[in-house]
*Asks:* 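Right, I'll just put the structure down here and ask away after.
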Amino acid sequence: MTTETNVVSVKNLNVHYGKLHAVRGISFEIPKGEVFGFIGPNGAGKSSTIRVLATLQKKFTGQVCVNGIEVRENPDRIREMIGFMPDFFGVYEDLTAREYLHFFAAAYRLPKDRRHSTVSDVLELTDLTHKIDSPVDSLSRGMKQRLALARVLLHDPDLLLLDEPASGLDPRARIEVRELLKAMQEMGKTILISSHILHELAQLCTRIGIIEAGQLVAEGSLNEIFQQLSLKRVVHVQIVKLSDEALKEMEQIPGIDSVERHTDRVAIRLREDELAVEDLHSELVRLGCKIRMFQPEAMDMETAFMKLTEGVTA
Amino acid sequence: MARNQTIGLPLLAKEMIEQSARKRTYVVRSVYAILLFGFATLIFSGQIYDRVTSPMQLLGKGREMFFILTMLQIVGIALFTPALTCGAITTEKERNTIGLLFLTRLGPWTILLEKYFGRLILMGTYLLISLPLFGFCYALGGVEQAQVWYGFYALTVLVIELASLAILCSTYFRTTVNAFIATYLIGIALAFGPVFLIEGLGIEIVRVFFREAWSLVDMGFAFFGRMGQLALVGTASFFGSNLDGVLDWQPHSYFSVYDRTLRSGFTFFCPVPILEASDSVAVTTPSWQILAMGIPSLAISALFLLMARYFLVWRAFASPRRYLVLFFQSLDRLFQKANQNRVTQGIVLVRESSSLPVYQPVAWRETTKTSLGSFRYLLRIFIALEFPVVAVCAIAIATSVGSFYSNRHPAIAIMVFLCWIIAILLTVVRSASLVAGERSHETLDVLLTTPITSQQLISQKFQGVMRLMFVVATPLLTAMVMQAWYGMVTDSGSDWSRFFNQPERSPSAYLFASSLMAVLSLPMFAWLSLLMGLWMKSSTKAIFSSLAIIVAWMVIPMVVLITLFEMFHVGRHDGIVTTLMMSPVVVPFLHEISELDDLFDSHWPIVLANILMYGCFLSLFRYLCYKNGARLLGRSEDNWS
């Protein structure tokens, strides 16, 4: 993948806070239109990396580019390309939602004649039109997060940097934010999102980077990460009148790692690169098994995360 | 549960541990000690050592030194106690830990008193700092041991009273900054309000009110004192002892020797009356009466604590309220109501411009959405602030029969100083919290990722302070105009010729120089505070640091230089005395009381040099803010290197 098509390019990034080495030589790239999930325990270096991209970190080493522009060389230009949402929604308690958005529309130097329509559009997208004249302080946390997402869309940036956008939200608000992020993805935005909620990232992200103690321990699509980890898929199968011979024959099928007999079912562990789940089903039918239940275990990101990380901070 | 755990004082212990672990505790205490010993040395050498020719003449001078020292301690306590106590409860509110305290088995009284005693113990260490100096005074003679103890008693009562006032404000207000400002304002009003009304404005009814009120207090003491004496003497005689003459309660002989308002200048605080009374009685016998003089102050303290107990629960979870905004909003409603009448019929002279930002969003928010907003609003605030100043100054001029400082009226001079203090305080608070406030509300990062440059951000932010400075400077300038008017009324002759030849007697010269110094000093303090706000993480830290720096800037050069001048016998009109200008308060103060010429050789060169110097400081602070803006705000900038 060439640098020209990458919206984000980070090479050997190092961030120090005094004696603390928060980010240790991270490198990754995010192509245009991709949703890149940044996962890691607290203190792993996620926010520090995002702050570098948001031009908020003065001291760092390495090369960090947005749309091919080095962050240190032209931060003012970078600010026009990014929309940053920090992990905490700071409140301007004296503003209404309309004033809040117009405030940032003016800050991003949107032409005056376009501001009203832009503000209406982003409010409609985030389903906050009915709250346009409500004080920001009076909005629920979920609404505030949606308002923050509306804000980052005002100047139509190429890259959205979202630091824990769903933290502290109730399940309904989380789903709303997730749906909103999917809509942004469909709009073709490149998104870098950090989160602790692994299940949601798995649903949303095209690629994932797992960071621990300031180092990127894995990067790629979910399937690639599973393959990197050699994680084996488990399929739970209930077979009518399963004999010992059939069990032995099953163990001989190429691609099956082990077969474990339980009281009501068997757990078959398979190497997916050799035998796909649907092929396993065909093989079992070929052996004459009468299948009552066939349930592949979901690929579990938590397992991958726990396997990759040790709970170490930088 | 172990017995020592059931009777422990967990909150007090936590307070003490926190204070011990904090570097600031030791720094502030050391600064206090340096200031106290520095001032004491300075005054001792200037007032006493220089006037004796042999060491023997020093004997008996302890009395003078003792009074000087006690007065210094009173000033120190008045300055430090509110600052060190007002955060006791507000910090718990700011950290959202007050709810956790209520969930424990500690009752409201326990929480309040443990917090209160935690601060009293801290202030007790400040009192102990002066013990070696008191010992020195006692060693020189002229002061009785009992007087030393009375002095300590007076200071202790003052600490108790001020700490209870600060705790009261701490329970009522949501933030330490609000509690801090309220404590000083209420303290100043209690200490100087009655004196100002009686002496400055000569309002007779206030004098009569306080005289009668204190007469009632005295009568109460006389009654209970006599009853107590009879009970004790009777009990003693029942057991075969004779206490006649030992317990002799003669309230009127002591309570009538002073008038709390007129002679001492303090109505609600007791240290000065106690010191005066202890000086005027035969101190060789224990005087219960002198101790009893602290009882009204202790009763006021108890009342403050009682109120604090009530507010502790009622105001524990109060949401932050911007009192200035609420005040202005109520004022706005009042004006709108008054405008709806047959004559004006709700006429609008100045229409509001667009309510949404156009090109300078930060400036828009600072000037339309914060406490001091639109022009219409400002006009009303202006009227509300102006009226009391004009009224007080007009009354002062109308009722004046003479003047303490030649062509300056003392009451107007006090008004000018009061306006100076309020103007500096409000400007510093607003300016220091401009950026630090964004930081503590966690809104700064988002603002910094917009294309607004750091210089634009600072410049737009400062526009809000400019408006505030305009509002607070107006009453100050009004008071100066009134002082100049008083000068014109009382002094005949050509003002123009005196402008150059006798500027100290020229009202125009006074007005020109004073207003110029005000117009320069306020922005200078504002930019300094903004610099601190850029540097500090929280508004509270930024405000306290700014105020500490400004007070230190005013006081330390004076202490150091005057000490050096006293040591090397520098005369009043020696050229080197001009270095006193290093303190920004010296020239404006002397100019205000018309004593500039008593210290310096020439009037205009000193005034102009002062204006030039502080103009340079203003430019320097402004330059530092702009130059270091991006670095202190914590962002990369195009000129980043």
Side-chain angles (χ1 to χ4, degrees), chain A residues 47 50-60 64 70-96 98-112 115-116 119 133 135-137 148 151-152 154-155 157 161 163, chain B residues 174 319-322 324-326 328-329 354-373 435-457 460-461 464 628-641:
Chain A
S47 295
I50 291 178
R51 287 178 68 82
V52 170
L53 285 160
T55 71
L56 293 172
Q57 186 67 36
K58 287 175 297 178
K59 290 183 182 171
F60 64 90
V64 179
E70 167 61 44
V71 165
R72 271 176 298 207
E73 282 172 9
N74 199 344
D76 292 351
R77 179 81 190 91
I78 299 284
R79 286 183 195 116
E80 286 165 9
M81 298 174 184
I82 61 165
F84 171 61
M85 184 172 156
D87 55 351
F88 183 86
F89 184 88
V91 180
Y92 281 130
E93 57 202 19
D94 39 27
L95 302 185
T96 63
R98 183 203 302 272
E99 289 168 339
Y100 180 78
L101 292 174
H102 272 272
F103 176 87
F104 281 100
Y108 280 108
R109 297 166 193 156
L110 254 65
K112 204 184 159 197
R115 283 185 204 164
H116 279 281
V119 167
D133 287 319
V136 175
D137 199 21
R151 172 182 60 74
V152 297
L154 279 171
H155 59 297
L161 301 167
D163 196 359
Chain B
R174 180 68 175 77
S319 53
R321 301 179 79 184
R322 288 173 299 158
L324 206 58
V325 177
L326 291 175
F328 292 151
Q329 280 173 350
S354 167
S355 62
L356 293 171
V358 183
Y359 298 114
Q360 294 193 317
V362 180
W364 165 82
R365 185 173 160 263
E366 292 299 328
T367 54
T368 61
K369 291 291 166 184
T370 48
S371 310
L372 296 155
V435 175
E438 293 266 4
R439 223 175 241 138
S440 52
H441 284 101
E442 300 192 56
T443 50
L444 186 63
D445 279 354
V446 171
L447 205 56
L448 293 179
T449 54
T450 66
I452 300 173
T453 64
S454 302
Q455 199 164 354
Q456 287 168 341
L457 187 70
Q460 289 185 36
K461 279 261 164 206
N628 300 303
R631 186 175 62 80
L632 294 172
L633 282 168
R635 80 194 306 209
S636 300
E637 199 98 300
D638 270 5
N639 55 5
W640 189 88
S641 58

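Chain identifiers are assigned alphabetically (A, B, ...) following the order of the sequence lines, protein sequences preceding nucleic acid strands; residue numbering begins at 1 within each chain. Fair warning: this is a prediction, and the values are worked out from it, not measured in the lab.
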*Asks:* Within this structure, what is the CZ-OG1 distance for the pair A:R51 and B:T449, rounded to the nearest 0.5 Å?
*Replies:*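 Nearest 0.5 Å value for the CZ-OG1 distance: 10.0 Å.
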*Asks:* Can you tell me how far OG1 of B:T450 sits from CD1 of A:I82, rounded to the nearest 0.5 angstrom?
*Replies:* 10.0 Å
*Asks:* Side chain from CB out, backbone as N, CA, C, O: work out which of these in B:E438 comes under 4.5 Å of a heavy atom of chain A, or both, or neither.
*Replies:*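 The side chain, not the backbone.
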*Asks:* Of all the heavy-atom pairs spanning B:P451 and A:E80, show the shortest one and how long it is.
*Replies:* CG-CG, 3.8 Å
*Asks:* Are any side-chain N or O atoms of A:R115 and backbone N or O atoms of B:V358, one a donor and one an acceptor, separated by less than 3.5 Å?
*Replies:*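 Side chain of A:R115 to backbone of B:V358, a donor-acceptor pair under 3.5 Å: yes, one is there.
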*Asks:* Is A:I78 close to chain B through its backbone or its side chain, or both, or neither, when contacts mean heavy atoms under 4.5 Å?
*Replies:*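 Contact with chain B is absent: no heavy atom of A:I78 under 4.5 Å.
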*Asks:* Could you tell me which non-hydrogen atom of B:R631 sits nearest to which non-hydrogen atom of A:K58, and how far apart they are?
*Replies:*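 Looking at all heavy atoms of both residues, the shortest contact is O-NZ, 2.7 Å.
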*Asks:* Please test B:V446 against A:R151 for side-chain contact (heavy atoms from CB on, under 4.5 Å), starting from the C-alpha separation and ending with a verdict.
*Replies:* CA-CA 10 Å; B:V446 171; A:R151 172 182 60 74; 3.2 Å; yes
*Asks:* Once rounded to the nearest 0.5 Å, what's the spacing between atom CZ of A:F103 and atom CG of B:L356?
*Replies:*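 Result: 12.5 Å between the selected atoms.
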*Asks:* If I take atom CG from residue B:D445 and atom CD1 from residue A:I50, how far apart are they, to the nearest 0.5 angstrom?
*Replies:* 12.0 Å
*Asks:* Show the nearest heavy-atom pair for residues A:T55 and B:L448, with the distance to one decimal.
*Replies:* OG1-O, 4.4 Å
